[in-house]
Amino acid sequence: MADTYDLVIIGGGPGGYNCAIRAAQLGLKAALIEKRDTLGGTCLNVGCIPSKALLHASELFATAKTDFAGMGIKVGRVELDLDQMMAQKTDAVNGLTQGVAYLMKKNKIDHIQGTGSISAPGQVTVTAQDGTQQTLSTPNIVIATGSEPTTLPGIEIDEERIVTNSGALSLGAVPKKLVLIGAGVIGLEMGCVWSRLGAEVTVVEYLDRILPGADAEIARDAQRIFRKQGLNFRLATKVTGVDKLKTKLKLHLEPAAGGDADSLDADVVIVAVGRRPFTQGLGLDVIGGTTDKRGVIQTVNGPFGVAEGVWAIGDCIAGPMLAHKAEDDGAAVAELIAGKAGHVDWNLVPSVVYTQPEIAWVGQTEDQLKANGVTYKKGKFPFQANSRARTNHQTDGFVKILADAETDRILGAHLMGVGVGEMIGELCVAMEFGAASEDIARTSHAHPTLSEAIRQAAMGVEGWTMQM
Ligand code: FAD
Ligand code: NAI
């Protein structure tokens, strides 16, 4: 195996492997170092993919139990086979991680298994699991080491009873009482999975609202819907400790603003209070690289440049911690290394929460626009008034489009409803092209489709929604 490369990428997640593929397409020789046994990073191994596999299967289970009868479908007793549900999740993960390994071969990228660290400017040393080392030379080091779960002081993770996202995706049985700490994306997605499978779920959140990154109106409505689905919420509450008793866990709670202490019993606790960049043992100091207090790698030369010939992408730098953002960063850095104009607009990276209904957004929220003093107009359309949603008996949620009051340029789009994770792409394309709300309002949308709600909301910006 050659030990000199045009670029050496440390970390084989969506940031790293997509950077390698784009570099190979541009004629560069790339090495991809990954310490895990499989490629795909957090996303494929313990994140996006296994969580979506469980979300999909648990949703079918819940639908069969609660909605089939009303649709005129009679089935026998619907029973859970958790082992099989986990097996299909593992199948999806294995198929996709092997797919990434195939893409490396196809693109003639050297996949080197081991832990990479920067040993000198232009040099990366890889230590394999058996301790053997090899050093690679390159004018371009790309750091794509991703992130790890944040923990809380006084709470000891054992990945069996007190777990992070990894344990949460592999519980051996449905817990009777499950507590999630954090009402962010993982808290809600995992809360929904285990609640659908029969757990009594409580979500404890420090803030007085769920989903801090989402539009406040959607977050309020979503909480009401999740409450109806069986999730309990303890907002504005902090967990000060968890006692591991023989038969149960005892969480100690306090109001976030101070006040009387309280407690809550659980069989399993999932800690989902955010993620922090992973840069341990990377040798950042060797090239004069620094991180902020949260561990985010600081870039000094554009959004990705850490030092001369050193780049960083994905979860370990600023911007949303999302797989498609890491992928875009990776492609942009490969293009910059190849002398092209790589660029990513992090403001137009969509977010999707894969609950039922889904929540999706892109651009700015109303709160952000107000804080920035931007005057905007808004159009809103409920799925209750959309014919396809009515036909499907899935009428929760709405579409909200925010546009500049003067220019009509779309500044933000916030959706909640079945399938909105697929629908948000239309708004991303529109916003990338600097579209006005009128552009969407005057574009034909097939009938009857859920996406007509987007058009009706866009019409609402100028006050001519027709179907409500
Ligand atoms: P990672 O995917 O974390 O990959 C980094 C890789 O680097 C890892 O494999 C790690 O082993 C390796 N590594 C680290 N240090 C070294 C080293 N020194 N040497 C060698 N290898 C090293 N995002 C979405 O967009 N959609 C979702 O639905 C979604 N769901 C999620 C669900 C969960 C439960 C979690 C935890 C995350 C989810 N995410 C989702 C976030 C997404 O997984 C991350 O944003 C994405 O994986 C970041 O990609 P990355 O390449 O920057 O880092
Ligand atoms: P998050 O940032 O989405 O949510 C963390 C929540 O925990 C916040 O609501 C925060 O206020 C709360 N919190 C923080 N400290 C707390 C404390 N001490 N007590 C109680 N609550 C506390 O982080 P999460 O859910 O851990 O997910 C991490 C990241 O992974 C996400 O930000 C996202 O980038 C990514 N992800 C994306 C998914 C998707 O795209 N569908 C799915 C899952 C994760």
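Below, all heavy atoms of this structure are taken into account, side chains as well, without hydrogens, waters or symmetry copies. Just follow the structure's listing: the first ligand is 1, and inside any ligand the first atom is 1.
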* Considering only NZ, NE, NH1 and NH2 on the basic side and carboxylate oxygens on the acidic side, decide whether Asp243 and Lys248 come within less than 4.0 Å. => no
* If you count the atoms of ligand 1 from 1 in the order shown, which ones are under 4.0 Å from a heavy atom of Gly146? -> 1 (P), 3 (O), 5 (C), 52 (O), 53 (O)
* Asked: Just which atoms of ligand 2 are under 4.0 Å from any heavy atom in Leu207?
  -> 11 (O)
* Judged by non-hydrogen atoms, does Tyr17 sit under 4.0 Å from ligand 1? -> no
* Structure fact -> atom 16 (C) of ligand 2 has as its nearest protein heavy atom Val273 CG1, 3.5 Å
* Under 3.5 Å, N or O to N or O, is Val185 touching ligand 2 that way? -> yes
* Does ligand 2 have a heavy atom under 4.0 Å from the side chain of Ile186, from its backbone, from both, or from neither? -> both
* Does at least one non-hydrogen atom of Ala144 fall below 4.0 angstrom from an atom of ligand 1? -> yes
* Run the side-chain hydrogen bond (donor to acceptor under 3.5 Å, both in side chains) check on Thr125 and Ser117 step by step: do they pass? -> CA-CA 5 Å; Thr125 298; Ser117 73; 5.4 Å; no
* Asked: Which option out of Ala326, Pro320, Gly421, Cys48 puts a heavy atom nearest to atom 31 (C) of ligand 1?
  -> Cys48
* **Donor-acceptor side-chain pairing of Trp311 and Asn140 below 3.5 angstrom** => yes
* To do: From atom 15 (N) of ligand 1, work out which of Thr127, Thr145, Asn45, Thr42 has a heavy atom at the shortest distance.
  => Thr145
* Would you indicate whether the side-chain heavy atoms of Phe233 and Ile210 approach each other to under 4.5 Å? => yes
* Compute the minimum heavy-atom distance from Glu327 to ligand 1 and say whether it is under 4.0 Å. => no
* Asked: Which residue supplies the protein heavy atom nearest to atom 25 (O) of ligand 1, what is that atom called, and how far is it?
  -> Ala323 N, 2.9 Å
* Structure fact -> With heavy atoms and a 4.0 Å threshold, my read on which part of Ile181 contacts ligand 2 is side chain
* Mind checking whether Thr279 has a heavy atom under 4.0 Å from ligand 1? -> no
* To do: Give a yes/no verdict on a cation-pi contact between Lys380 and Phe398, requiring under 6.0 Å between NZ or CZ and the six-membered ring centre and an angle within 45° of the axis.
  => yes
* Structure fact -> Taking only non-hydrogen atoms of Ile186 and a 4.0 Å limit, the atoms of ligand 1 in range are 34 (C), 36 (C)
* Taking side chain as C-beta onward, heavy atoms only, is Met104 less than 4.5 Å from Val100? -> yes
* Proximal atoms of ligand 1 relative to Val46 (non-hydrogen, under 4.0 Å) -> 34 (C)
* Asked: Is the closest N or O pair between Thr237 and ligand 2 shorter than 3.5 Å?
  -> no
* **Any Lys52 heavy atom less than 4.0 Å to ligand 2** => yes
* Structure fact -> The single option from Val344, Val333, Asp345 that satisfies side-chain contact (heavy atoms from CB on, under 4.5 Å) with Asp328 is Val344
* Structure fact -> For Arg275, the ligand 2 atoms with a heavy-atom partner under 4.0 Å come out as 28 (C), 29 (C), 30 (O)
* Asked: Which atoms of ligand 1 sit under 4.0 Å from any heavy atom of Gly114?
  -> 19 (N), 20 (C)
* Side chain, backbone, both or neither: which part of Val352 comes within less than 4.0 Å of ligand 2 when only heavy atoms are counted? -> backbone
* If you measure from each heavy atom of Lys238 to ligand 2, is any distance below 4.0 Å? -> no
* Salt-bridge present (Asp221, Arg224; N to O < 4.0 Å) -> yes
* Asked: For atom 7 (O) of ligand 2, which of Gly182, Ser351, Ala219, Gly274 has the closest heavy atom?
  -> Gly182
* Asked: Is the closest side-chain donor-acceptor distance between Asp130 and Thr132 under 3.5 Å?
  -> yes
* Residue pair Ile181 / Ile155, side-chain heavy-atom distance below 4.5 Å -> yes
* To do: Using a strict 4.0 Å cut-off to heavy atoms of Ser51, name the atoms of ligand 1 that fall inside it.
  => 32 (C)
* If we ignore angles and hydrogens, is there a donor and acceptor under 3.5 Å between the side chains of Gln364 and Asn372? -> yes
* Asked: If you measure every N/O of Lys52 against every N/O of ligand 1, is any gap under 3.5 Å?
  -> yes
* To do: Run down the list Gly314, Gly13, Pro14 and name the one with the heavy atom closest to atom 49 (O) of ligand 1.
  => Pro14
* Asked: Does a donor on one side chain and an acceptor on the other come within less than 3.5 Å for Trp346 and Asp329?
  -> yes
